[in-house]
Amino acid sequence: MKEMVTRNRSLTPETEKLLNNQIVLEASSSAQYLSMASWCDMQGFQHSASFLYEHADEERMHMLKLFNYINEAGGHALQPEIKNIKHQYQTLREVFEEILGHEIDVTRNINELVDHCINTKDYATFNFLQWFVTEQREEETIARRALEIFDIIGEEGVGLWTIDIEIGKLHGAGNSNDA
Ligand code: OFO
C-alpha cells in the first residue's frame with residue numbers, strides 16, 4: 001500500500017529532499033530570530049524584540065507551508081533538528097546585519113530550488129515556490145531598511161533608542177505573508 005502511494009505521485013524523491021532542506025532553513029531562521037528577539041528583550045530593545053518575535057513566528061509559518069505542500073504531494077515532511085543557535089550579540093546592528101546575510105542565503109537557496117524545478121519540469125512545485133520568491137525579496141528589503149535606519153539616525157546619544165523605535169515600525173512593512 002505504502003509503495004503504491006509513493007509510485008502514484010509526481011513529486012520526485014530528489015525534489016522532496018530539497019524541499020525538506022528548505023524546511024531546515026526556515027526552522028533555523030525561526031529559531032535564530034527567536035534567540036535574537038530574546039537578546040534584544042534582555043538588552044531593553046523592546047521594539048526590535050517584538051519585531052523579531054513576530055518574524056520568528058512568520059518563519060515557522062513558512063516552514064509549515066512546506067510541510068503541507070510536501071505531505072499533500074505524497075511526500076514526507078521531516079521535522080528538523082536545529083543546532084548551533086547563537087545567543088549573544090555585541091550590538092543591535094550586528095543582529096540586523098546577520099538577518100540580512102541570512103535572508104540573502106535563504107533567497108539563494110530558494111532560487112536553486114526554482115532552478116531545479118525548471119530543469120526537472122516540476123511546474124507544480126515551481127508554482128508553489130513563487131510565494132517564497134516574493135517573500136524573500138520583501139524580507140531582504142526590510143532587513144536592508146533596518147540597516148539604513150542605523151545609518152540615517154546614527155547610534156550616538158539617544159540614537160539607539162530612536163533606532164529601536166523605528167525598527168518596531170517595520171512590523172509587516174512590505175509583508176506579503178498571509179500564511
Ligand atoms: Fe522564510 O522567509 Fe526569510 O528566511
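Counting starts at 1 for both ligands and their atoms, in listed order. Bear in mind the structure is a predicted one, so any value in this text is a computation, not a measurement.
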Walk me through whether Asp57 and Arg60 qualify under salt bridge (charged side-chain N to carboxylate O under 4.0 Å, His left out).
CA-CA 5 Å; Asp57 277 351; Arg60 184 166 186 280; over 6 Å; no

Distance under 4.0 Å to a non-hydrogen atom of Glu59: what atoms of ligand 1 satisfy this?
1 (Fe), 2 (O), 3 (Fe), 4 (O)

Go through the steps for Glu148 and Arg144 under the test salt bridge (charged side-chain N to carboxylate O under 4.0 Å, His left out), then give the verdict.
CA-CA 6 Å; Glu148 283 164 9; Arg144 244 189 320 276; 5.5 Å; no

Examine Glu139 and say whether one of its N/O/S atoms is closer to atom 3 (Fe) of ligand 1 than 2.8 Å.
yes

Using a 3.5 Å distance criterion without hydrogens, assess whether the side chain of Gln136 forms a donor-acceptor pair with backbone atoms of Glu103.
yes

Can you pull out the closest protein heavy atom to atom 4 (O) of ligand 1? Residue, atom name and distance to 0.1 Å, please.
Glu103 OE1, 2.9 Å

So Lys65 and Glu26, salt bridge (charged side-chain N to carboxylate O under 4.0 Å, His left out) or not? Walk me through it.
CA-CA 10 Å; Lys65 266 183 186 286; Glu26 302 293 343; over 6 Å; no

Taking only Lys NZ, Arg NE, NH1 and NH2, and the carboxylate oxygens of Asp or Glu, determine whether Lys17 and Glu14 approach each other closer than 4.0 Å.
no

Numbering as shown, the atoms of ligand 1 that approach Ser29 to under 4.0 Å (heavy-atom distance):
4 (O)

For ligand 1, which atoms have a heavy atom of Glu26 less than 4.0 angstrom away?
1 (Fe), 2 (O)

Fit a plane to each ring of His62 and Phe132, take the angle between them on a 0 to 90° scale, and name the class: parallel (under 30°), tilted (30 to 60°) or perpendicular (over 60°).
perpendicular

Using a 4.0 Å heavy-atom cut-off, which part of Gln136 comes near ligand 1: side chain, backbone, both, or neither?
side chain

If we number the atoms of ligand 1 from 1 as shown, the ones under 4.0 Å from a heavy atom of His62 are 1 (Fe), 2 (O)

When only distance counts, is His55 in polar contact with ligand 1, meaning an N/O pair under 3.5 Å?
no

When you compare the side chain of Tyr33 with that of His102, does any pair of heavy atoms fall below 4.5 Å?
yes

What atoms in ligand 1 come closer than 4.0 Å to a heavy atom of Val106?
4 (O)

